[in-house]
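Shown next, in structure tokens, is the structure this report addresses.
Whatever order the structure lists ligands and atoms in, that order sets their numbers, starting from 1.
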Amino acid sequence: MDADEVLTTTRAVRRRLDPTRPVPLEVIRECIDVALQAPAGSNLPRTRFVVVRDPALRAGLADLYADVYEGTYRASEGYIGRVETDEPGAARTQERSARSADALANALHEVDTIVITCLEGARLDGASAMASASLLGGVLPATWSFMLAARARGLGTCWTTMHLAREREAAELLGIPFDRVQQVCLTPVAWTTGERFGRARRPAVDDVLHLDGWQDDLPGVPDVRGLAAS
Ligand SMILES: Cc1cc2nc3c(=O)[nH]c(=O)nc-3n(C[C@H](O)[C@H](O)[C@H](O)COP(=O)(O)O)c2cc1C
């Protein structure tokens, strides 16, 4: 696979995670090694990878995830299956994503490995825009690089944040020092069933490209300023 193929076919894999084939720890280590080449603010790598293989710990994380998913998220305005659109193609895509997300909530405990990426040395509660962009921005590229490296090796991943609603309990389960380590992303890691993954439906370049300043007539997305502040 060339770089563009990896970049355009690294999908959120949820229903095609093979629960029967163990993932060698060495392959996870390779993906982390690749991920560590990502940029980081002040060139200080603050990303930590908590690799969870123990079945009881995985089950504990899966329970937290499913509780938030079923108990809060599925009934919320933000539920992936509730996005309103007049475009039939987009509605179908959203519906497929919703069924896929539902399936992951039911099957996370079966997945061979769960990786949680963390920000070490800070919590962003109440942080300034600059601090949060700089610190979180140090973890996000490494997290995505990990997923790209996984894809290049035939592994499927799915960026999730659902369990963060119960982050403290996850921290207690895994012995993560909550006061100075912030969890950022939880991803299943498993061999995929089949290797064919394609490009996904996304906005056109002209819908997102602002040339020489901001153009306000491009398609917008729901404004969630209130939600983001809460
Ligand atoms: C910040 C972030 C949070 C996400 N949280 C979840 C999540 O909690 N659960 C889930 O199933 N998918 C989650 N996703 C995955 C998105 O739903 C997925 O990237 C999107 O549907 C596009 O998938 P595709 O690339 O396969 O088209 C998250 C993605 C991002 C970037």
Side-chain angles (χ1 to χ4, degrees), residues 1 4-17 35 38 47 52 58 61-85 87 89-111 114-119 124 132-133 135-152 155-167 169-170 182-190 192-204 207-208 221-222 224 227-228:
M1 272 191 276
D4 276 7
E5 187 178 357
V6 176
L7 287 162
T8 55
T9 65
T10 302
R11 299 274 68 83
V13 185
R14 305 182 184 95
R15 284 187 285 196
R16 292 172 63 189
L17 299 166
T47 311
V52 185
R58 282 192 283 115
L61 289 173
D63 279 353
L64 289 177
Y65 186 98
D67 272 0
V68 177
Y69 193 91
E70 293 299 336
T72 314
Y73 175 67
R74 226 167 172 283
S76 75
E77 284 300 308
Y79 174 54
I80 192 168
R82 190 157 295 131
V83 175
E84 285 168 21
T85 168
E87 217 194 311
R92 269 196 306 277
T93 302
Q94 214 57 26
E95 171 60 24
R96 241 196 338 267
S97 296
R99 295 293 75 79
S100 165
D102 293 353
L104 180 66
N106 290 324
L108 189 58
H109 62 282
E110 294 174 356
V111 171
I114 292 176
V115 174
I116 298 179
T117 55
C118 302
L119 165 68
L124 297 177
S132 30
L135 291 166
L136 200 56
V139 178
L140 304 182
T143 302
W144 186 232
S145 288
F146 174 86
M147 293 179 171
L148 296 172
R151 163 77 180 129
L155 294 167
T157 59
C158 178
W159 194 303
T160 81
T161 48
M162 198 71 45
H163 88 289
L164 296 176
R166 307 272 292 274
E167 185 193 353
E169 286 155 88
Q182 180 164 329
Q183 296 165 55
V184 172
C185 167
L186 177 156
T187 179
V189 183
T192 57
T193 53
E195 285 172 10
R196 286 180 63 82
F197 292 88
R199 289 178 73 112
R201 185 187 187 88
R202 292 291 194 261
D207 290 345
V208 301
V221 290
V224 291
L227 186 69

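- In plain terms, the two heavy atoms of R151 and T10 that are nearest each other are CG-OG1, 3.3 Å.
- The shortest heavy-atom contact between I114 and L186 is CG2-CG, 3.7 Å.
- Residue-level contacts of ligand 1 at the 4.0 Å heavy-atom threshold are R11, A12, R14, Y65, I80, A101, C158, W159, T160, T161, M162, A200, R202.
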Sequence neighbours excluded and cut-off under 3.5 Å, please list the side-chain donor-acceptor pairs for residues 61-70, or say none.
from	atom 1	to	atom 2	distance (Å)
Y69	OH	D102	N	3.1
Y69	OH	D102	OD1	2.5

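- Atom CZ of R92 has 12 or fewer heavy atoms from other residues, nucleotides or ligands within 6.0 Å.
- Taking the ring-ring contact (aromatic ring centres under 6.0 Å, His included) definition, one finds that Y79 meets it with Y73, sequence neighbours left out.
- Shown here are the side-chain contact (heavy atoms from CB on, under 4.5 Å) partners of E95, two or more places apart in sequence or in another chain: R99.
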